[in-house]
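Following: one structure in structure tokens, then a few remarks.
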2 protein chains.
Amino acid sequence: MPFTYDYPRPALAVDCVVFGLDEEDLKVLLIRRGQEPYAGRWALPGGFVRENESPAAAARRELHEEAGLRDVYLEQLYTFGAPGRDPRGHVISVAHYALVRLSDHRVAAATDASDAAWFGTDDLPRLAFDHGAIFEMAHARLRAKVRYQPIGFELLPERFPLRMLQHLYEVVLDRPLDKRNFRKKVLEMGILEELDEVETDVSHRAARLYRFSKARYQTLTKKGLNFEL
Amino acid sequence: MPFTYDYPRPALAVDCVVFGLDEEDLKVLLIRRGQEPYAGRWALPGGFVRENESPAAAARRELHEEAGLRDVYLEQLYTFGAPGRDPRGHVISVAHYALVRLSDHRVAAATDASDAAWFGTDDLPRLAFDHGAIFEMAHARLRAKVRYQPIGFELLPERFPLRMLQHLYEVVLDRPLDKRNFRKKVLEMGILEELDEVETDVSHRAARLYRFSKARYQTLTKKGLNFEL
DNA sequence: CTATCATAGTGTAGGACTCACACGAACGAG
DNA sequence: CTCGTTCGTGTGAGTCCTACACTATGATAG
């Protein structure tokens, strides 16, 4: 069933850079393409935007269809529209990035689509289309944004020890941080809730668990806090 | 001549928030709409993206056609795609913002399109579509970005006294700055070229003129400078 | 030519923040 | 009971930020 318009329209797509955090490093979710163009190559999950669907909604739909992911933190990144970026014709893609808790989602992504896999961010294969450039921009944005907005918590389990939070920042910023200074800064900020609970199943002294308090963050933000790490 | 596709395609547009700087305040360029919808309302300059045209190219073309502007600083802002934002159907708009030197461009914009005008940023009329929200986002982005990237110079004439630079920051950040601290910071950064020239036609002591040196900025950036004001 | 007016241009000191740095306590494993 | 591993904690030096006021210069008006 064909659709007809008075003027030509470029096609509109979305692509998503999905980040997850490991014990070791930062991961990205890729999908192996089954069809031409770039059949067999790894690519970012994505697809075409339907009529009367916002780009954000399209991105969420595709993440669910292609990787079984739901309820993730999602933010628009940039719109890539150079003619020639897709050999099928002029396709403009609204790129997004998403942050997921790997502990919750690792399995889902691996089973739902048999050709989905997590890759370490410094160990990516060559990607289809201009997805390499999209990934680079997303990575840069994450590094920048994590420093002045508390989005990093989206990568952690709900309750976490401070070591895990520090590890997150070390992995994302790609440099070591001082433990005492890091703890002081984060705790003094007052956006963490100290829980009456410690880690379990560790073969050494167990660390106290914390939880990010969105409520406290919003209160403090109104009072002029500026989150910065 | 109709254009036909196998799947429906939303229409793709661009809109531009064009900022200029006055002796008094920050201005935005608006165009009065001649046609429905929103005929007679003020709106951001913009229009539809053609096939095989990148969004940035479309934005530049529209700025030229609707306001006679060329060679402006242009950056992508965000893509607005909520269904319902345009009563004609599903139109997705890649919003941009532009910075121009009012001294050069004020006239052009006023003559080329008789229904174009500059408005003070705290004195805007109600805008068509979701252009009010687009403007707000652009304004917020400019305020944020001007602090860590030397984009403010795009709003000034090539040669300017330090007072004018300070005035720019005061207007954009909407708070007064200390003269001595401001000068110290800017000059110590080393990105300004001190010229052998002073203001003319002023009825008081004339100030020295400076020029932003892109070359120095890039050199220093590589050496780890981080611009911050 | 003198007085007036407007803006240019300049330094310092107190407080806040940043950064580097090391060791005893807790707990599980063997 | 010993070993191994991670937890949790404070201080001092240096740097950066901020607040603050007066003299110099040049144009204009009387």
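First the proteins, then the strands, lettered A, B, ... as listed; each starts at 1.
- Scanning atom types as modelled, no donor and acceptor separated by under 3.5 angstrom connect the side chain of B:N181 and the base of D:dC17.
- Nucleotide D:dC16 holds its P atom 11 Å from the CG atom of B:N226, rounded to whole Å.
- Using a 4.5 Å heavy-atom threshold, the side chains of B:L165 and B:Y210 count as separate.
- Between the base of D:dC20 and the side chain of B:R180 there is a donor-acceptor pair shorter than 3.5 Å.
- Between the CZ atom of B:F160 and the CD atom of B:Q166 there is a distance of 12.5 Å, given to the nearest 0.5 Å.
- Atom CZ in A:R183 sits roughly 7 Å away from atom P in D:dC7 (whole-Å rounding).
- Residue B:K184 contributes atom NZ, which lies 8 Å from atom C1' of C:dT12 at whole-angstrom precision.
- Whole-Å rounding puts the A:E228 CD to C:dC17 C1' distance at 12 Å.
- Nucleic acid contact for B:K185: none, since no nucleic acid atom lies under 4.0 Å from a heavy atom of the residue.
- Two residues are said to be in side-chain contact when any heavy atoms from C-beta on lie closer than 4.5 Å; A:V28 and A:F135 meet this criterion.
- C:dG11 atom C1' lies 12 Å from atom CD of B:E188, rounded to whole Å.
- If you run side-chain contact (heavy atoms from CB on, under 4.5 Å) between B:D122 and each of B:L26, B:D25, B:D174, only B:D25 comes through.
- Using a 4.0 Å cut-off between a side-chain N of Lys or Arg and a carboxylate O of Asp or Glu, B:R211 and B:E194 do not qualify as a salt bridge.
- Counting heavy-atom neighbours within 6.0 Å of B:R147 CZ, excluding the residue itself, gives a total of 12 or less.
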Which parts of nucleotides 23-30 of chain D does protein reach within less than 4.0 Å, heavy atoms only, written one letter per nucleotide 5' to 3' as B for base, S for sugar-phosphate only and - for none? -BBSSS--

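- Atom C1' of nucleotide D:dG8 and atom CD of A:E194 are separated by 11 Å, given to the nearest angstrom.
- Remark: P of C:dA20 and CZ of A:R175 are 10 Å apart, rounded to the nearest angstrom.
- B:L69 contributes atom CG, which lies 12.0 Å from atom CD of B:E62 (distance to the nearest 0.5 angstrom).
- Of the candidates C:dG9, D:dA19, C:dT7, C:dG9 carries the atom nearest the B:A207 side chain, counting heavy atoms from C-beta on.
- Whole-Å rounding puts the B:K179 NZ to C:dT10 C1' distance at 9 Å.
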